[in-house]
Amino acid sequence: MHTELADWFSREARDLPWRAADRSPWGVLVSEVMLQQTPVVRVLPVWREWMERWPDPADLAAEPAGEAVRAWGRLGYPRRALRLHAAAAVIVAEHGGELPDTEEALRTLPGVGSYTAAAVAAFAFGRRATVVDTNIRRVHARLLGGEALPAPALTAAEQRRAAALLPEDTALSVVWNAAAMELGAVVCTARSPRCSACPVAAECAWRAAGEPPPTYTPRGQAWHGTDRQVRGAVMAVLRAAEHPVPRALFEPPVPGPPAGAAAGASGGGAVTAALGRLHSLGTGPDQLERALAGLLADGLAVEEHGRLRLP
């Protein structure tokens with residue numbers, strides 16, 4: 001399976017910039033953080049913009065954290081942008097501006113957990129590391145476990161299986177991790193696996209078992225009407241604003257300030273449009289207050305004299 005999947009990957013792997021020969025370890029770290037819970041198609045343009053603007057950790061660390069949040073755009077989970085900014089500052093202050101090259105050292109960076117440390121060690125530095133993301137878990141579950149889907153949360157047994165599957169040869173281990181991840185992303189997908197295109201279909205325990213259905217129904221995260229949606233709408237206002245935004249402007253207009261007042265107070269028509277989208281949600285005062293309080297507590301917004309801005 002190691003060689004079959006490696007051969008397939010050499011032929012079929014997507015041409016992604018963070019896999020290019022000239023990519024930097026910093027570029028790999030940025031990609032891994034951006035790709036958490038976010039598809040490649042959304043990450044690609046933002047990653048390119050980030051790497052053009054901040055090709056090295058020192059470039060990002062030299063700017064306010066709010067600029068990282070602003071450039072994060074609509075990738076979602078913007079705390080990831082804060083963590084990348086914090087990691088860049090530590091890389092500059094404690095590692096001479098260069099990413100550390102071991103899992104242990106990478107885990108000391110803000111926002112870098114066991115998965116990200118293993119992925120960066122493998123894909124940026126060619127280390128032998130056990131990488132286990134959602135796609136790899138699904139491939140392992142089907143190929144070896146005969147299950148349609150892995151458990152809802154990563155288990156110790158899955159981690160042990162992934163470690164046991166890792167090739168002893170370091171170079172092959174890196175390819176195995178990347179190939180299993182790619183297979184899960186483009187062939188062995190959650191809803192519509194393309195088994196006819198799978199290079200290891202003949203060895204698949206799930207197919208041999210008759211492709212039994214999942215033992216549970218995966219639950220997607222709700223969005224419409226949630227606090228997350230309101231937080232996102234508030235963040236869109238702050239990203240658009242060139243100046244701090246009066247807190248009162250976030251509240252639904254009754255009848256509210258004219259559009260010109262919003263634009264003049266906070267930086268232009270983009271802010272007015274973002275405020276309009278926020279108000280169109282019909283958010284109640286309690287939910288709006290929760291969203292604002294959460295953003296302030298997470299460090300994604302700063303309030304001074306009744307006005308909010310990015311950090």
Side-chain angles (χ1 to χ4, degrees), residues 1-6 8-9 13 28-29 31-40 77 80 83 102-104 106-107 109 111-195 197-221:
M1 288 191 294
H2 289 156
T3 55
E4 287 171 339
L5 201 50
W8 170 82
F9 185 71
V28 174
L29 174 62
S31 75
E32 287 296 339
V33 174
M34 287 185 172
L35 287 165
Q36 294 166 9
Q37 299 178 285
T38 309
V40 166
Y77 304 99
R80 293 180 292 170
R83 292 170 187 149
T102 66
E103 285 187 76
E104 182 180 10
L106 286 163
R107 280 196 297 269
L109 299 177
V112 176
S114 57
Y115 162 76
T116 304
V120 174
F123 304 141
F125 298 109
R127 302 285 189 182
R128 185 177 183 273
T130 303
V131 181
V132 188
D133 78 336
T134 300
N135 288 316
I136 289 177
R137 292 180 63 215
R138 186 167 57 255
V139 168
H140 290 178
R142 288 176 179 164
L143 194 57
L144 280 302
E147 303 161 333
L149 295 174
L154 179 65
T155 67
E158 284 183 278
Q159 192 71 35
R160 290 192 297 269
R161 179 170 63 191
L165 285 170
L166 197 65
E168 290 295 332
D169 179 79
T170 298
L172 184 56
S173 74
V174 174
V175 175
W176 167 256
N177 283 324
M181 188 180 295
E182 185 79 346
L183 189 73
V186 301
V187 174
C188 194
T189 58
R191 291 187 173 86
S192 303
R194 298 187 297 115
C195 298
C198 179
V200 288
E203 291 92 350
C204 180
W206 180 59
R207 293 195 75 200
E211 301 182 6
T215 57
Y216 66 95
T217 301
R219 294 182 179 178
Q221 286 190 319

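All residue numbers refer to positions in the sequence shown, counting from 1.
- Glu211 has no carboxylate O lying under 4.0 Å from a charged side-chain N of Arg142, or vice versa, which leaves the two without a salt bridge.
- A distance-only check finds a donor-acceptor pair linking the side chain of Thr38 to the backbone of Gln36 [under 3.5 Å].
- In this structure a side-chain-to-backbone donor-acceptor pair under 3.5 Å is missing from Asp133 to Met181.
- Residue Pro150 comes nearest to Arg138 through the heavy atom pair CD-CA, 3.8 Å, listed as atom of the first residue, atom of the second, then distance.
- The two residues Pro152 and Tyr216 have their closest heavy-atom pair at N-OH, 3.8 Å.
- Arg194 contributes no side-chain N or O that, together with a main-chain N or O of Thr189, makes up a donor-acceptor pair within less than 3.5 Å.
- The structure places CG of Leu35 at 11.5 Å from OG1 of Thr134, a figure rounded to the nearest 0.5 Å.
- Between the CD1 atom in Ile136 and the SG atom in Cys188 there is a gap of 12.0 Å [rounded to 0.5 Å].
- Note that CD of Glu103 and OG1 of Thr116 are 11.0 Å apart. Values are rounded to the nearest 0.5 Å.
- Between Leu165 atom CG and Met1 atom CE the span is 6.0 Å, to the nearest 0.5 Å.
- Note that CE of Met34 and CG of Leu29 are 10.0 Å apart. Values are rounded to the nearest 0.5 Å.
- Atom CG of Leu149 and atom OG1 of Thr217 lie 9.5 Å apart (nearest 0.5 Å).
- In this structure, His2 and Trp176 have perpendicular ring planes: the angle between them is above 60°, well past the 30° mark.
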*For side chain to side chain contact (heavy atoms under 4.5 Å, CB included), just list the numbers for Val120 and Phe125, CA-CA rounded to whole Å, side-chain angles, deciding distance to a tenth of an Å, and then say yes or no.*
CA-CA 7 Å; Val120 174; Phe125 298 109; 4.1 Å; yes
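- Residues Ala122 and Asn177 come closest through the heavy atom pair CB-ND2, 4.3 Å.
- Contact record, Arg127 with Thr102: NH2-CG2, 4.2 Å, taken as the closest heavy-atom pair.
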